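Here's the structure we're looking at; comments come further down.
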Protein chains: 2
Amino acid sequence: MEKTTREKLIYAATDLFRRKGYSAAGLTEILQAAGVPKGSLYHHFPGGKPDLALETARWAGRYLSRLMEEAFQESTSFKEGVTRICNAIADIHDARGAWDFCPVTGTLLGGPADERFRLAALEIFESWVKLSKTHAIRLGMAEARAELQSRAALLLIEGAWITARADGSADIIRRIPDMLEA
Amino acid sequence: MEKTTREKLIYAATDLFRRKGYSAAGLTEILQAAGVPKGSLYHHFPGGKPDLALETARWAGRYLSRLMEEAFQESTSFKEGVTRICNAIADIHDARGAWDFCPVTGTLLGGPADERFRLAALEIFESWVKLSKTHAIRLGMAEARAELQSRAALLLIEGAWITARADGSADIIRRIPDMLEA
DNA sequence: GCATGATTAGACCAATCAGTCTATACCTGA
DNA sequence: TCAGGTATAGACTGATTGGTCTAATCATGC
């Protein structure tokens, strides 16, 4: 399966944005990693770097949504679902040998103080909470508690994504499930 | 009390690093905000931007440690301490009218993939956990639980710092105490 | 095989980046 | 009042930034 130019750009950008953040990741650097000339970037993303970042974050957001959906589908309790998600994210960290930002954080919130960026990030975060809450209720949790637990899970995961970078280890991510009911 | 040049630089850098992150905050911009010429910066911080960032993060780390220490001193339970801390942080957000990064995150983890940066951030985070854990035990919590709850509090606060930026509101920070025992 | 729009290719540009350097002003102690 | 170190001041530099522009190439329909 041949990757399209657009996909190459999004993959390379995802990688660099979450490793270095929006500002520190240079356009030339992304282009080089993608093996794509500058002209192609501005053909596919006329808005330049911000356009690419927005699209990249949405793509990563959908990727993680899928990961979460599968985790919950296989689970018989909310905690089991969160455990699967955390293990999966921690495994990604370990496999990369790098402790990056959450792709949404690195790409959007590390970028310019643009309202479009803020809203795109908000939309992705809220979609995750909604997904989690829906499954929590499906698995027997009361609505109010499902809401609070889902938001707590998001904060714990985002926080762990940060401190894991400082730790140089993904261990803290695997400890999240215990924190949810501590 | 006259502010020294060094202090002016650290204050301005703290402000800009947490608002835009290390990479996006330009040196010229910091200098202008501080009202200090370039020569002075390299006199006080011979290592340039990285030196300034390291010092800035440590200063902000101590500031928040003090805030936490006072919050716990005035409290009769762990939850009350966390509540005071969260309210104080949320108040800072509201007072600024901006929803910034945690100063440590923005300054150090938003910076270069330098080992010195990573270790400095780790040291600050760990000092916060230690402080919180000590007070949790003092307030009657068992050691293992004190450790876990303190780490959970750190993750929740760091995570909320991120999502508050997307929300454009500090409300989520005020909901953290409920999550700790949910 | 020719024409047309889509795509690739990369030279080029102004602006900005962190950092260097020299000159001057300031302060303190003699 | 002078000497000498400290600090301020900002012009300047080379590298890099995101973005523009034109030319070449590719694919597709006639």
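Please read these numbers as outputs of a predicted model, since none were measured by experiment. These numbers come from the heavy atoms of this one structure, side chains and all, not from hydrogens, waters or symmetry mates. Proteins come first, then strands; the chains are lettered A, B, ... in the order of their sequence lines, and each starts at number 1.
Summarising the geometry, the separation between CG on Leu9(A) and P on dT7(C) is reported as 13 Å, rounded to the nearest angstrom. Distance Lys49(B) NZ to dT16(C) P: 15 Å, rounded to the nearest Å. When rounded to the nearest whole Å, the span between OH of Tyr42(A) and P of dT17(D) equals 12 Å. Atoms CG (Leu27(B)) and P (dC12(D)) sit 19 Å apart, rounded to a whole Å. For the pair Phe45(A) CZ and dG18(D) P, the interatomic distance rounds to 15 Å; values are reported in whole Å. Protein atom CD1 of Ile30(B) is 11 Å distant from nucleotide atom C1' of dA18(C), rounded to whole Å. In this structure, Tyr22(B) places its OH atom 11 Å from C1' of dC17(C), rounding to the nearest Å. We find that CD of Gln32(A) is positioned 15 Å from C1' of dA9(C), with the value rounded to whole Å.
The aromatic rings of Tyr22(A) and Phe17(A) sit parallel, their planes meeting at an angle under 30°, below the 60° perpendicular limit.
The minimum heavy-atom distance between Ala121(A) and Leu109(A), with the atom names listed, is CB-CD2, 4.0 Å. Nearest heavy-atom pair across Ser75(A) and Arg84(A) is OG-NE, 3.3 Å.
Judged purely by distance below 3.5 Å, without hydrogens or angles, the side chains of Ser150(B) and Ser132(B) pair a donor atom with an acceptor atom.
Between Glu115(A) and Arg118(A) there is a salt bridge, since at least one side-chain N of the basic residue sits less than 4.0 Å from a carboxylate O of the acidic one.
Residue-level contact check: Ala25(B) touches the backbone only, with heavy atoms under 4.0 Å from sugar-phosphate atoms and none from bases.
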Could you list all N or O pairs between the protein and nucleotides 7-10 of chain D that sit under 3.5 Å apart?
residue, atom, partner, partner atom, Å
dA7(D), OP2, His43(B), NE2, 2.3
dA7(D), O5', His43(B), NE2, 3.2
dT8(D), OP1, Thr5(B), OG1, 2.2
dT8(D), OP2, Ser40(B), OG, 3.3
dT8(D), OP2, His44(B), NE2, 2.9
dT8(D), O5', Ser40(B), OG, 3.3
dG10(D), O6, Gly39(B), N, 3.2

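Clustering of Ile, Leu, Val, Met, Phe, Trp and Tyr side chains at separations under 4.5 Å places Leu119(B) together with Leu122(B).
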